[in-house]
Amino acid sequence: MKQFVVGSAFLMFISSMPADATNDHAISLEPAVQKVAFMTSFGDTLPPIGYVTFCREHQVECRPGRRFADRIQLTAAKFNEIEEVNTAVNAAVAPITDLELYGKPEVWTYPGANKGDCEDYVLLKRRTLIEHGYPESTLLITVVRDENNEGHAVLTVRTDQGDFVLDNKRREVIRWADTPYTFVKRQSEKNPLVWISLLPPDSVPQTAVSASNSH
């Protein structure tokens with residue numbers, strides 16, 4: 001039997017629960033935790049231009065999946081598997097900008113020659129987790145603004161214990177609210193071709209470009 005080493009983020013998450021919350025029954029999050037565990041969406045928005053081009057070239061990968069699940073049930077084994085995929089892809093791909101690799105500012109594709117930028121990491125992680133049996137509807141490409149207010153892409157995994165983020169900038173998988181990012185937009189769980197806004201309506205207007213100029 002395969003033994004799992006539980007990720008530190010999951011251990012912190014478990015330790016914050018009531019003593020009886022880790023049994024076989026459904027876990028109910030505390031109201032204060034529940035408030036920040038799940039992202040709030042604010043209606044449809046324009047997808048990133050790079051994603052539109054990617055879908056023209058990979059139409060099968062942009063269709064709604066055959067299996068729909070609103071969220072996966074997060075167990076220690078599942079969390080460990082997600083962290084393993086995040087770590088493995090981060091280690092296998094060397095960061096490089098699209099301009100350096102392709103001579104273009106915005107190219108969404110899978111890593112070429114084990115090199116790529118943030119969207120390439122996200123696409124590979126998403127495909128890998130789908131191959132592991134995760135429903136496409138629980139794995140959503142997400143555009144954020146990083147600490148330097150630059151465009152960046154991460155993968156959001158929707159679980160019954162909150163929305164967690166896989167990021168090429170960090171090994172740990174953490175809740176979205178624990179990142180230093182401003183969340184801008186992500187795919188809809190119901191249709192990967194549809195994107196939804198994560199910014200309140202009174203925020204600065206969004207553009208169709210992800211402006212992903214970070215690795």
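Counting from 1, the numbers follow the sequence of the chain as shown.
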Self-check item: Whether T179 side chain and W176 backbone form a donor-acceptor pair below 3.5 Å
Solution: yes
Exercise. Please identify each residue that fulfils side-chain hydrogen bond (donor to acceptor under 3.5 Å, both in side chains) with E189, with sequence neighbours left out.
Key: R186
Quiz item: Under a 4.5 Å side-chain heavy-atom rule over Ile, Leu, Val, Met, Phe, Trp and Tyr, are V52 and L140 clustered together?
Solution: no
Exercise. Please assess L166 against V89 for the test side-chain contact (heavy atoms from CB on, under 4.5 Å), listing each intermediate value before the final yes or no.
Key: CA-CA 10 Å; L166 281 69; V89 173; over 6 Å; no
Exercise. May I ask you to test the H152-N168 pair for a side-chain heavy-atom distance under 4.5 Å?
Key: yes
Quiz item: Could you state the interatomic distance from CZ (F38) to OG1 (T159), rounded to the nearest 0.5 Å?
Solution: 6.5 Å
Practice problem: Report the distance from atom CG of L139 to atom CZ of R158, rounding to the nearest 0.5 Å. | Solution: 10.5 Å
Quiz item: Can you tell if the side chain of E61 reaches within under 4.5 Å of the side chain of L123, non-hydrogen atoms only?
Solution: no
Quiz prompt | Worked verdict on V93 versus L124 for side-chain contact (heavy atoms from CB on, under 4.5 Å) | solution = CA-CA 10 Å; V93 180; L124 182 55; 4.2 Å; yes
Quiz item: Does the ring of Y134 carry K78 above it, NZ/CZ under 6.0 angstrom from centre and within 45° of its axis?
Solution: yes
Practice problem: Provide the closest heavy-atom pair for A69 versus T138 in the form atom of the first, atom of the second, distance. | Solution: O-CG2, 3.3 Å
Exercise. State, yes or no, whether a side-chain contact exists between R171 and N90 at a heavy-atom distance under 4.5 Å.
Key: no
Quiz item: V173 versus F79: any side-chain heavy-atom pair under 4.5 Å?
Solution: yes
Quiz prompt | Distance, nearest 0.5 Å, that separates OG1 of T75 from CG of N80 | solution = 9.5 Å
Quiz item: Closest heavy-atom contact between P201 and F42?
Solution: CD-CD2, 3.8 Å
Practice problem: Spell out, as yes or no, whether a donor-acceptor pair under 3.5 Å connects the side chain of K185 to the backbone of L46. | Solution: yes
Practice problem: Give the minimum heavy-atom separation between R145 and G151, together with the two atoms involved. | Solution: NH1-N, 3.5 Å
Quiz prompt | Over all atoms of both residues, closest heavy-atom pair of V143 and P48 | solution = CG2-CG, 3.9 Å
Quiz item: What is the distance from atom NZ of K169 to atom OH of Y121, rounded to the nearest 0.5 Å?
Solution: 11.5 Å
Practice problem: Under the side-chain contact (heavy atoms from CB on, under 4.5 Å) rule, what do V144 and V154 come out as? Steps first, then yes or no, please. | Solution: CA-CA 8 Å; V144 304; V154 297; 4.2 Å; yes
Quiz item: Do I82 and V157 come close enough that some side-chain heavy atom pair is under 4.5 Å?
Solution: yes
Quiz item: Does the pair D163/R71 count as a salt bridge with the N-to-O cut at 4.0 Å?
Solution: yes
Quiz prompt | Taking every non-hydrogen atom, the tightest pair across Y51 and C62 | solution = OH-SG, 3.8 Å
Practice problem: Report the distance from atom CG of D167 to atom CG of N86, rounding to the nearest 0.5 Å. | Solution: 7.5 Å
Practice problem: Go through the steps for L198 and V184 under the test side-chain contact (heavy atoms from CB on, under 4.5 Å), then give the verdict. | Solution: CA-CA 5 Å; L198 301 173; V184 178; 5.9 Å; no
Quiz item: Are L129 and L155 side-chain neighbours, meaning at least one heavy-atom pair lies under 4.5 Å?
Solution: yes
Quiz item: Heavy-atom distance under 4.5 Å between the side chains of I141 and W108, does that happen here?
Solution: yes
Quiz prompt | Heavy-atom closest contact (Y181 atom, D146 atom, distance) | solution = CD2-CA, 3.5 Å
Quiz item: Quick one: CZ on R170 to CG on D178, what's the gap to the nearest 0.5 Å?
Solution: 8.5 Å
Quiz item: Quick one: are F54 and P47 in side-chain contact, heavy atoms under 4.5 Å?
Solution: no
